[in-house]
Amino acid sequence: EVQPFSRTEKARLPAYVLFEFKDDALFFDLAFLIVRDPDSKIAIAQRGLDYLWKEKPVYACGNPREEEFLVDHGSVLPKTLAPKEAQQFSYIVLHDALIEHGNSGGGLFDSEGKLVAINTWLVSEKYGMAIDLDVFDGLFDFRSTSVSASDDWKEDATLASGSSVFMLAVGKWKPRSDWDECASGGFSNGSEDSLLGGFNFGALLGRAGDRTVAFDKTHWGPDKVPVDYPDARIAQMKEVGGPLSFRINRRDPSEASGRMDVFYLILKPQSAEGAGALRLRL
(Lines give C-alpha, C1' and ligand atoms only; values in the text may rest on other atoms or scores of the structure.)
Protein backbone atom coordinates (compact mmCIF):
# COMPACT_ATOMS: atom_id res chain seq x y z
CA GLU A 1 0.00 0.00 0.00
CA VAL A 2 1.00 3.62 -0.55
CA GLN A 3 -0.09 6.50 1.66
CA PRO A 4 -0.37 9.75 -0.31
CA PHE A 5 0.00 13.08 1.44
CA SER A 6 -3.22 14.54 2.80
CA ARG A 7 -4.01 17.10 5.48
CA THR A 8 -7.44 15.60 6.19
CA GLU A 9 -7.23 11.82 5.78
CA LYS A 10 -4.86 8.87 5.83
CA ALA A 11 -5.88 7.23 2.61
CA ARG A 12 -4.07 4.05 1.58
CA LEU A 13 -3.84 3.08 -2.07
CA PRO A 14 -3.36 -0.56 -3.12
CA ALA A 15 -0.11 -1.25 -4.94
CA TYR A 16 1.74 -4.01 -6.80
CA VAL A 17 5.49 -4.54 -6.54
CA LEU A 18 7.11 -4.54 -9.97
CA PHE A 19 10.80 -4.52 -9.01
CA GLU A 20 12.86 -4.31 -5.85
CA PHE A 21 16.58 -4.37 -5.30
CA LYS A 22 18.84 -3.81 -2.31
CA ASP A 23 22.63 -3.96 -2.25
CA ASP A 24 24.55 -2.78 0.81
CA ALA A 25 27.80 -2.54 -1.16
CA LEU A 26 26.22 -0.11 -3.63
CA PHE A 27 24.24 1.83 -0.99
CA PHE A 28 21.18 1.13 -3.09
CA ASP A 29 17.67 0.30 -1.83
CA LEU A 30 14.75 0.83 -4.19
CA ALA A 31 11.40 -0.58 -5.28
CA PHE A 32 9.10 0.29 -8.17
CA LEU A 33 5.37 0.08 -7.38
CA ILE A 34 2.28 0.10 -9.57
CA VAL A 35 -0.37 2.06 -7.67
CA ARG A 36 -4.11 2.33 -8.23
CA ASP A 37 -4.79 6.05 -7.93
CA PRO A 38 -8.10 6.84 -9.68
CA ASP A 39 -8.54 10.14 -7.86
CA SER A 40 -4.97 11.38 -8.54
CA LYS A 41 -4.12 11.65 -4.85
CA ILE A 42 -0.41 11.26 -5.58
CA ALA A 43 1.29 14.40 -6.88
CA ILE A 44 3.77 14.06 -9.75
CA ALA A 45 7.01 15.97 -9.30
CA GLN A 46 8.54 17.99 -12.08
CA ARG A 47 12.08 17.25 -13.16
CA GLY A 48 14.72 19.66 -11.88
CA LEU A 49 16.65 21.42 -14.66
CA ASP A 50 18.89 23.77 -12.65
CA TYR A 51 22.42 22.40 -13.14
CA LEU A 52 23.59 24.40 -10.09
CA TRP A 53 21.17 22.68 -7.70
CA LYS A 54 23.99 21.08 -5.68
CA GLU A 55 25.13 24.55 -4.59
CA LYS A 56 21.70 25.44 -3.17
CA PRO A 57 19.44 24.05 -0.39
CA VAL A 58 17.88 20.64 -1.00
CA TYR A 59 14.74 19.14 0.53
CA ALA A 60 13.95 15.55 1.51
CA CYS A 61 10.33 14.44 1.68
CA GLY A 62 8.88 11.12 2.81
CA ASN A 63 6.64 9.04 5.05
CA PRO A 64 9.12 6.75 6.87
CA ARG A 65 8.00 4.18 9.44
CA GLU A 66 4.38 5.16 8.78
CA GLU A 67 5.01 8.40 10.66
CA GLU A 68 3.70 11.80 9.65
CA PHE A 69 5.08 13.22 6.45
CA LEU A 70 8.54 14.62 6.99
CA VAL A 71 10.02 17.47 4.98
CA ASP A 72 13.44 18.82 5.89
CA HIS A 73 16.00 21.01 4.19
CA GLY A 74 19.76 20.69 4.08
CA SER A 75 22.79 21.03 1.88
CA VAL A 76 24.73 18.84 -0.50
CA LEU A 77 27.92 17.83 1.34
CA PRO A 78 31.43 16.95 0.20
CA LYS A 79 31.61 13.26 -0.66
CA THR A 80 34.63 12.94 1.65
CA LEU A 81 32.14 12.86 4.56
CA ALA A 82 30.56 9.68 3.18
CA PRO A 83 31.82 6.22 4.18
CA LYS A 84 35.05 5.37 2.36
CA GLU A 85 33.30 2.56 0.49
CA ALA A 86 30.82 5.06 -0.95
CA GLN A 87 33.28 7.76 -2.00
CA GLN A 88 34.27 5.79 -5.12
CA PHE A 89 30.77 6.03 -6.62
CA SER A 90 30.20 9.02 -8.88
CA TYR A 91 26.41 8.70 -8.75
CA ILE A 92 26.04 9.32 -5.01
CA VAL A 93 24.85 12.68 -3.67
CA LEU A 94 25.55 13.14 0.05
CA HIS A 95 23.31 15.57 1.95
CA ASP A 96 22.19 16.43 5.48
CA ALA A 97 18.46 16.90 4.89
CA LEU A 98 16.76 14.66 7.44
CA ILE A 99 15.78 11.18 6.28
CA GLU A 100 14.96 8.04 8.26
CA HIS A 101 14.67 4.33 7.59
CA GLY A 102 11.81 4.09 5.10
CA ASN A 103 12.77 7.16 3.07
CA SER A 104 14.45 5.00 0.43
CA GLY A 105 12.85 5.67 -2.93
CA GLY A 106 11.66 9.09 -1.80
CA GLY A 107 12.63 12.26 -3.58
CA LEU A 108 15.35 14.80 -2.99
CA PHE A 109 14.17 18.16 -4.31
CA ASP A 110 15.87 21.41 -5.28
CA SER A 111 15.05 24.87 -3.95
CA GLU A 112 12.15 25.12 -6.43
CA GLY A 113 10.58 21.86 -5.28
CA LYS A 114 11.67 19.93 -8.38
CA LEU A 115 13.04 16.39 -8.27
CA VAL A 116 16.83 16.10 -8.59
CA ALA A 117 17.75 12.80 -6.90
CA ILE A 118 16.33 9.64 -5.27
CA ASN A 119 17.16 8.90 -1.63
CA THR A 120 18.46 5.36 -1.09
CA TRP A 121 20.59 5.23 2.07
CA LEU A 122 21.00 6.58 5.61
CA VAL A 123 24.50 7.14 7.01
CA SER A 124 24.84 6.88 10.78
CA GLU A 125 21.45 8.53 11.38
CA LYS A 126 23.10 11.78 10.27
CA TYR A 127 23.59 11.98 6.50
CA GLY A 128 21.52 10.83 3.60
CA MET A 129 22.73 9.44 0.30
CA ALA A 130 20.80 9.80 -2.93
CA ILE A 131 21.24 8.79 -6.55
CA ASP A 132 21.60 11.67 -8.98
CA LEU A 133 18.52 11.70 -11.22
CA ASP A 134 20.64 11.92 -14.37
CA VAL A 135 22.25 8.59 -13.45
CA PHE A 136 18.89 7.14 -12.44
CA ASP A 137 17.34 8.04 -15.81
CA GLY A 138 20.28 6.49 -17.61
CA LEU A 139 19.69 3.20 -15.82
CA PHE A 140 15.92 2.71 -15.89
CA ASP A 141 13.15 3.10 -18.47
CA PHE A 142 9.57 2.59 -17.21
CA ARG A 143 6.75 1.92 -19.68
CA SER A 144 3.19 0.60 -19.91
CA THR A 145 0.88 -0.76 -22.57
CA SER A 146 -2.44 -2.58 -23.00
CA VAL A 147 -2.70 -6.00 -24.64
CA SER A 148 -5.91 -7.39 -26.14
CA ALA A 149 -6.55 -11.14 -25.81
CA SER A 150 -7.78 -11.32 -29.40
CA ASP A 151 -4.68 -9.77 -30.99
CA ASP A 152 -1.59 -11.36 -32.47
CA TRP A 153 1.87 -10.42 -31.19
CA LYS A 154 1.95 -6.75 -30.15
CA GLU A 155 5.37 -5.12 -30.38
CA ASP A 156 5.78 -2.33 -27.85
CA ALA A 157 9.49 -1.50 -27.54
CA THR A 158 12.94 -2.38 -28.80
CA LEU A 159 15.46 -3.43 -26.17
CA ALA A 160 19.15 -2.71 -26.52
CA SER A 161 21.23 -5.88 -26.35
CA GLY A 162 22.03 -6.77 -22.74
CA SER A 163 18.88 -5.23 -21.26
CA SER A 164 16.83 -6.82 -18.50
CA VAL A 165 13.07 -6.31 -18.32
CA PHE A 166 10.76 -6.75 -15.32
CA MET A 167 7.06 -7.00 -16.17
CA LEU A 168 3.69 -7.10 -14.40
CA ALA A 169 0.28 -7.66 -16.02
CA VAL A 170 -2.92 -6.56 -14.27
CA GLY A 171 -6.42 -7.61 -15.26
CA LYS A 172 -8.42 -10.66 -16.34
CA TRP A 173 -9.48 -12.07 -19.69
CA LYS A 174 -11.16 -15.09 -21.27
CA PRO A 175 -8.95 -17.27 -23.48
CA ARG A 176 -12.15 -18.98 -24.69
CA SER A 177 -15.68 -17.65 -24.70
CA ASP A 178 -16.99 -20.65 -22.70
CA TRP A 179 -14.24 -20.50 -20.04
CA ASP A 180 -14.06 -18.46 -16.85
CA GLU A 181 -11.95 -15.32 -16.66
CA CYS A 182 -8.36 -15.77 -15.62
CA ALA A 183 -5.42 -13.56 -14.64
CA SER A 184 -2.39 -13.35 -16.91
CA GLY A 185 -1.14 -16.69 -15.53
CA GLY A 186 -3.78 -18.53 -17.56
CA PHE A 187 -5.05 -22.05 -16.78
CA SER A 188 -2.56 -24.65 -15.57
CA ASN A 189 -4.51 -27.61 -16.98
CA GLY A 190 -3.24 -26.69 -20.47
CA SER A 191 -4.89 -27.08 -23.83
CA GLU A 192 -4.14 -28.37 -27.31
CA ASP A 193 -5.00 -24.85 -28.49
CA SER A 194 -1.88 -23.38 -26.84
CA LEU A 195 0.45 -21.47 -29.11
CA LEU A 196 3.53 -22.64 -27.17
CA GLY A 197 3.80 -25.80 -25.12
CA GLY A 198 5.27 -25.59 -21.64
CA PHE A 199 3.23 -22.49 -20.75
CA ASN A 200 -0.27 -22.30 -19.30
CA PHE A 201 -3.11 -22.01 -21.79
CA GLY A 202 -4.37 -18.43 -21.84
CA ALA A 203 -1.25 -17.05 -20.17
CA LEU A 204 0.19 -13.76 -21.33
CA LEU A 205 3.47 -14.28 -23.17
CA GLY A 206 6.34 -11.83 -23.44
CA ARG A 207 8.98 -12.21 -26.14
CA ALA A 208 12.30 -10.43 -26.68
CA GLY A 209 14.64 -11.63 -29.40
CA ASP A 210 14.71 -15.43 -29.15
CA ARG A 211 13.43 -15.55 -25.54
CA THR A 212 9.79 -16.10 -24.54
CA VAL A 213 8.40 -16.11 -20.98
CA ALA A 214 4.93 -16.36 -19.46
CA PHE A 215 3.37 -14.03 -16.89
CA ASP A 216 2.71 -16.86 -14.44
CA LYS A 217 4.84 -15.97 -11.39
CA THR A 218 3.92 -14.37 -8.07
CA HIS A 219 5.95 -11.76 -6.25
CA TRP A 220 8.15 -12.97 -3.41
CA GLY A 221 7.65 -10.74 -0.39
CA PRO A 222 9.57 -10.43 2.90
CA ASP A 223 11.08 -13.67 4.24
CA LYS A 224 10.45 -15.30 0.84
CA VAL A 225 6.70 -15.42 1.38
CA PRO A 226 4.79 -15.32 -1.95
CA VAL A 227 2.39 -12.41 -2.45
CA ASP A 228 -0.47 -13.80 -4.53
CA TYR A 229 -2.17 -10.92 -6.31
CA PRO A 230 -5.63 -12.12 -7.41
CA ASP A 231 -5.52 -10.22 -10.72
CA ALA A 232 -1.81 -9.82 -11.49
CA ARG A 233 1.24 -11.93 -12.36
CA ILE A 234 4.87 -11.06 -13.07
CA ALA A 235 7.56 -12.13 -15.54
CA GLN A 236 11.13 -11.15 -16.21
CA MET A 237 13.92 -11.60 -18.74
CA LYS A 238 17.58 -10.85 -18.13
CA GLU A 239 20.31 -10.05 -20.64
CA VAL A 240 18.08 -9.87 -23.71
CA GLY A 241 17.66 -7.59 -26.70
CA GLY A 242 15.50 -6.92 -29.74
CA PRO A 243 11.76 -6.21 -30.16
CA LEU A 244 9.66 -6.70 -27.02
CA SER A 245 6.23 -8.17 -27.87
CA PHE A 246 3.20 -9.52 -25.98
CA ARG A 247 0.48 -12.01 -26.83
CA ILE A 248 -1.91 -14.58 -25.31
CA ASN A 249 -0.85 -18.24 -25.31
CA ARG A 250 -3.50 -19.47 -27.72
CA ARG A 251 -2.91 -20.61 -31.28
CA ASP A 252 -6.04 -18.84 -32.58
CA PRO A 253 -6.82 -15.89 -30.30
CA SER A 254 -9.78 -14.60 -32.32
CA GLU A 255 -12.35 -16.00 -29.84
CA ALA A 256 -10.53 -14.67 -26.76
CA SER A 257 -11.81 -11.53 -25.06
CA GLY A 258 -10.59 -8.97 -22.55
CA ARG A 259 -7.43 -6.93 -22.04
CA MET A 260 -4.40 -6.79 -19.77
CA ASP A 261 -2.61 -3.66 -18.60
CA VAL A 262 1.12 -4.38 -18.77
CA PHE A 263 3.71 -2.38 -16.85
CA TYR A 264 7.39 -3.00 -17.37
CA LEU A 265 10.72 -1.66 -16.23
CA ILE A 266 13.73 -1.84 -18.52
CA LEU A 267 17.09 -2.04 -16.82
CA LYS A 268 19.37 -0.70 -19.52
CA PRO A 269 22.69 -2.36 -20.39
CA GLN A 270 25.28 -1.40 -17.81
CA SER A 271 28.78 -0.52 -18.90
CA ALA A 272 31.69 -2.10 -17.06
CA GLU A 273 33.74 1.05 -17.63
CA GLY A 274 34.45 3.49 -14.84
CA ALA A 275 35.02 2.59 -11.20
CA GLY A 276 32.32 5.01 -10.08
CA ALA A 277 29.54 3.70 -12.31
CA LEU A 278 26.37 2.17 -10.91
CA ARG A 279 26.06 -1.48 -11.93
CA LEU A 280 23.27 -3.52 -10.38
CA ARG A 281 24.25 -7.15 -9.84
CA LEU A 282 20.92 -8.90 -10.33
Side-chain angles (χ1 to χ4, degrees), residues 1 13-20 31-38 142-157 159 163-267 282:
E1 295 179 325
L13 303 176
Y16 305 91
V17 178
L18 173 64
F19 172 84
E20 60 179 324
F32 281 82
L33 307 179
I34 310 301
V35 185
R36 294 186 186 275
D37 186 20
F142 177 77
R143 302 190 181 195
S144 64
T145 188
S146 181
V147 179
S148 172
S150 59
D151 290 342
D152 204 336
W153 287 103
K154 177 181 180 180
E155 182 177 328
D156 197 66
L159 307 179
S163 299
S164 296
V165 56
F166 302 85
M167 303 168 283
L168 181 141
V170 181
K172 292 189 175 183
W173 59 19
K174 285 188 175 184
R176 293 175 57 125
S177 59
D178 55 340
W179 286 37
D180 293 334
E181 284 187 325
C182 64
S184 58
F187 290 95
S188 59
N189 60 345
S191 170
E192 295 180 355
D193 292 331
S194 291
L195 175 70
L196 297 176
F199 299 121
N200 292 347
F201 175 67
L204 176 63
L205 303 176
R207 181 176 68 184
D210 59 357
R211 292 270 306 280
T212 302
V213 296
F215 286 68
D216 57 0
K217 304 294 189 298
T218 57
H219 173 72
W220 291 95
D223 302 319
K224 300 300 181 181
V225 176
V227 180
D228 188 13
Y229 301 126
D231 60 345
R233 298 290 184 274
I234 62 174
Q236 64 183 41
M237 290 183 281
K238 298 179 181 180
E239 300 294 321
V240 295
L244 177 63
S245 305
F246 304 100
R247 188 208 143 123
I248 192 173
N249 188 27
R250 180 174 180 180
R251 186 179 298 111
D252 178 9
S254 60
E255 295 183 9
S257 61
R259 305 185 71 86
M260 292 285 173
D261 291 322
V262 180
F263 305 90
Y264 60 97
L265 179 72
I266 301 171
L267 178 59
L282 301 176

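- Taking 4.5 Å as the limit, every side-chain heavy atom of Leu204 sits out of range of all side-chain heavy atoms of Met167.
- Taken from CE in Met260 to OG in Ser148, the straight-line distance is 10.5 Å, to the nearest 0.5 Å.
- In this structure, Tyr264 OH and Phe215 CZ are separated by 10.0 Å, a value rounded to the nearest 0.5 Å.
- If you take OG on Ser194 and CD1 on Ile248, they are separated by 9.5 Å, rounding to the nearest 0.5 Å.
- Atom CG of Leu13 sits about 8.5 Å away from atom CD of Glu1, to the nearest 0.5 Å.
- Applying the side chain to side chain contact (heavy atoms under 4.5 Å, CB included) criterion to Val170, with sequence neighbours excluded, gives Tyr16, Arg36, Leu168, Asp231, Ala232, Phe263.
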List the steps and the verdict of side-chain contact (heavy atoms from CB on, under 4.5 Å) for Val17 and Leu33. CA-CA 5 Å; Val17 178; Leu33 307 179; 3.7 Å; yes
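- Salt-bridge annotation for Arg247 and Asp151: absent, with no side-chain N of the basic residue lying under 4.0 Å from a carboxylate O of the acidic one.
- Residues Val213 and Gln236 share a closest heavy-atom pair of CG1-O, 3.8 Å.
- Annotation for Arg233 and Tyr229: closest pair NH1-O, 2.6 Å, computed over non-hydrogen atoms.
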May I have the step-by-step check of side-chain contact (heavy atoms from CB on, under 4.5 Å) for Leu196 and Thr212, ending in yes or no? CA-CA 9 Å; Leu196 297 176; Thr212 302; 3.7 Å; yes
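- Side-chain contact check for Arg259 and Ser146: at least one donor-acceptor pair (N or O, by modelled atom type) lies under 3.5 Å.
- The backbone N or O of Val225 lies less than 3.5 Å from no partner atom in the side chain of Asp223, so there is not a single donor-acceptor pair.
- The side-chain heavy atoms of Val165 and Met237, taken from C-beta on, include a pair separated by under 4.5 Å.
- Counting all heavy atoms, side chain and backbone alike, Ala214 lies closest to Ala235 at O-CB, 3.5 Å.
- In plain terms, the two heavy atoms of Pro253 and Arg251 that are nearest each other are CD-O, 3.6 Å.
- Panel note: side chain Trp173, backbone Gly202; a donor-acceptor pair is recorded below 3.5 Å.
- Residues Pro175 and Phe201 have side chains in contact (heavy-atom distance under 4.5 Å, counting atoms from C-beta outward).
- Listed here is the closest heavy atom pair of Phe246 and Gly206: CD2-CA, 4.0 Å.
- Between Val262 and Thr145 there is a side-chain heavy-atom pair separated by less than 4.5 Å.
- Looking at Ser164, its side chain does come within 3.5 Å of a backbone N or O of Glu239 through a donor-acceptor pair.
- Considering all non-hydrogen atoms of both residues, Thr218 and Ile234 come closest at O-CD1, 3.5 Å.
- Side-chain N or O atoms of Asn249 include one that pairs as donor or acceptor with a backbone N or O of Asn200 at under 3.5 Å.
- Here Arg250 contributes atom CZ and Leu195 contributes atom CG; the two are 11.5 Å apart, rounded to the nearest 0.5 Å.
- Taken to the nearest 0.5 Å, the CD atom of Glu20 stands 12.5 Å off from the CZ atom of Phe32.
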